[in-house]
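Every chain is numbered from 1, with letters handed out A, B, ... down the list of sequences.
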Amino acid sequence: PGDSSVLREAVAVAQHHDAVTGTEKQHVADDYARQLAAGWESCQLLVANALASLSGSKENFIFCNALNISVCPLTEVAGRFTVILYNPLGRHMSWPIRLPVNGASYAVTDPQGQPVPSEVVPISNFTHRLRGDGSSAMRELLFQASAPPLGFSTFMVSRMSRGDPRVPPAQTPAL
Amino acid sequence: TQPREIQNEHVRVLFDPLTGHLKEIQNLDKSISLPVFQSFYWYNASIGNDETPQASGAYIFRPNSSEPIPISGSKQVSTYLVKNRLVQEVHQNFSSWCSQVVRLHVGQPYVELEWTVGPIPVADGWGKEIISRFETTLQTDARFYTDSNGRQILERRRDYRPTWNLSQTEPVAGNYYPVNSRIFIKDKKFQLTVLTDRSQGGSSIFDGSLELMVHRRLLYDDNRGVGEPLVELGANKQGLVVRGRHLVLLDTVESAADQHRLLAQELFMAPYTVLAPGGGPSYRRG
């Protein structure tokens, strides 16, 4: 079972002025981080349960915590996956999605099954250095996703092979 | 050859072809152009001096000089341009431990700066406090604006306090203020706003400039209670690497708030991505 109280407690502890400003001792900083990570892990179960309940099917939902440095084991290897975008704002949102991939071309469809413009761009050298051997992805899949107020949108992504009629003509980035 | 510009339907960003630095931002919707030089610098952390033994530490920011040192020592930044339909990026490499991607997504009326800083080298014995500084031609009359702990935007005046006569002894640290979501400078016509993705310290040390502290690594305790220097190490026992984003808006003074208030909400309550293998679940419209 998922449980949000673990994260609630961790965030409550982190209201202490030392946590807010970063003036705590190092071992305390480490403990704040440990509590927050445990809280988020527990909340991920809660979110997965909610998504399973909404969809009526139990799925293996994946949370990629290191997307900011382009690390996501699922998108790096899978030929087909689903992106679920939750919008916590009370108005419609459009947001760029960047996912680490190894394929050269992907087809993305929106919740209505309509194609969404997407492209594959190279990952910067800075990110390569930062990740070390934490990821093998050389590129990122980029598309603009939108989601309704306080709601979810699901986008289907599938890797295209050479010769696939859906493959757009190759574009050479200006270097 | 360095890249000269990136552009979408709302914004154009120009770069100095010789140095690779950002040099101008244009709001194409309002026909506004503003020279903006942006780069990274480090303040040399004080270890105390004749005036006071106060060292820079977790509680105290105290540089030993008012002049920060450019991170790109040669003043030239190596760059790399990526231009596609959905995104245009200039990758800037300031040093082996400081880099940035200047990015324009299609349809977005702001410039995204994604910086990566660290591990900060300290083998030379100097603690370093890293800033991103924007220099413009705006006549700001010693004034700049920061939000205050997520509440109202407050006017800040350099070397001035509204409720007492200030004798400024720390020209940099004495003018730093908390920035929780945004900082901006303006003149009678135009406003340059920078939105942060986390709380940082910020200031305007001279007219037309704006700066934010993005990372710091110190070697001495400031003797204010924590009892250890701020020299956090990562899993590999090196200094921490941080990555964050600044969103930059250029607009008229009258309409700037319409942009930065909505954008700050989007940054603070950003959409969250969950993934599932295969076709994933289907959802009813309800």
Side-chain angles (χ1 to χ4, degrees), chain A residues 18 20-26 29 47-48 51-52 54-57 59-64 67-69 72 74-75 78 80-89 93-97 99 111 117-119 121-122 124-127 130 132 142-145 147 152 154 156 171 173-175, chain B residues 3 57-59 80-89 91-93 96 98-101 103 105-108 112 114 116 118 178 199 222 224-228 230-233 236 241 243-245 262 265-266 268-286:
Chain A
D18 271 358
V20 172
T21 54
T23 48
E24 70 279 51
K25 282 179 179 286
Q26 186 60 52
V47 173
L51 289 170
L54 284 167
S55 65
S57 67
E59 295 284 338
N60 182 22
F61 294 106
I62 309 286
F63 296 76
C64 288
L67 269 183
N68 67 324
I69 55 167
C72 183
L74 172 68
T75 61
R80 191 159 179 260
F81 56 90
T82 304
V83 180
I84 303 155
L85 187 73
Y86 172 63
N87 172 19
L89 278 177
M93 269 288 296
S94 181
W95 195 254
I97 302 289
L99 301 167
S118 67
E119 59 196 14
V121 298
S124 72
N125 288 337
F126 324 137
T127 301
L130 197 56
L142 172 66
F143 63 95
Q144 199 74 17
F152 294 90
T154 55
M156 306 296 171
Q171 293 194 339
L175 305 179
Chain B
Y59 286 90
Y80 177 86
L81 174 70
V82 177
K83 272 191 177 183
N84 283 304
R85 271 179 308 135
L86 299 180
V87 71
Q88 298 193 7
E89 299 176 339
H91 300 206
Q92 299 174 305
N93 199 20
S96 60
C98 179
S99 60
Q100 179 173 255
V101 178
R103 184 176 286 144
H105 281 113
V106 67
Q108 290 184 338
E112 176 183 326
E114 186 183 59
T116 305
S199 293
D222 57 15
R224 298 280 167 159
V226 72
E228 57 190 37
L230 188 69
V231 62
E232 197 166 10
L233 301 177
N236 56 3
V241 184
R243 168 170 284 185
R245 294 193 304 156
L262 293 176
Q265 283 182 347
E266 293 175 19
F268 179 62
M269 298 182 78
Y272 193 79
T273 306
V274 185
L275 298 139
S282 59
Y283 290 91
R284 295 181 300 276
R285 189 175 172 78

Any side-chain heavy-atom pair from B/E89 and A/S124 closer than 4.5 angstrom?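 When only atoms from C-beta onward are counted, A/S124 and B/E89 do not touch, as no gap falls below 4.5 Å.
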
Taking A/S118's backbone N and O only, do any of them form a donor-acceptor pair with B/R85's side chain (distance below 3.5 Å, no angle check)? yes

Determine whether a donor-acceptor pair (N or O, by modelled atom type, separation under 3.5 Å) exists between the side chain of B/Q265 and the backbone of A/L89. no

At a 4.5 Å cut-off on heavy atoms, which part of [X] comes close to chain A: side chain, backbone, both, or neither?
X	result
B/R245	side chain
B/H105	side chain
B/L230	side chain
B/Q88	neither
B/D222	neither
B/T273	both
B/Q92	backbone
B/S199	neither

Please state whether the side chain, the backbone, both or neither of [X] comes within less than 4.5 Å of a heavy atom of chain B.
X	value
A/T21	neither
A/I97	side chain
A/L74	side chain

Shorter than 4.5 Å, heavy atoms on both sides: which option in A/L99, A/T75, A/T127 has the most such pairs with chain B?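 Most heavy-atom pairs under 4.5 Å with chain B: A/T127.
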
At a heavy-atom distance under 4.5 Å, which candidate from A/V47, A/D18, A/N87, A/N60 has the highest pair count against chain B?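 Looking at each option in turn, the highest pair count goes to A/N60.
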
Heavy-atom pair of closest approach, residues A/G22 and B/A58: O-CB, 4.2 Å

How close do B/P271 and B/E266 get, counting heavy atoms only, and between which atoms?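 Between these two residues, the closest heavy atoms are CD-O, 4.5 Å.
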
Test log, rule side-chain contact (heavy atoms from CB on, under 4.5 Å), inputs A/F61 and A/I84: CA-CA 9 Å; A/F61 294 106; A/I84 303 155; 3.5 Å; yes

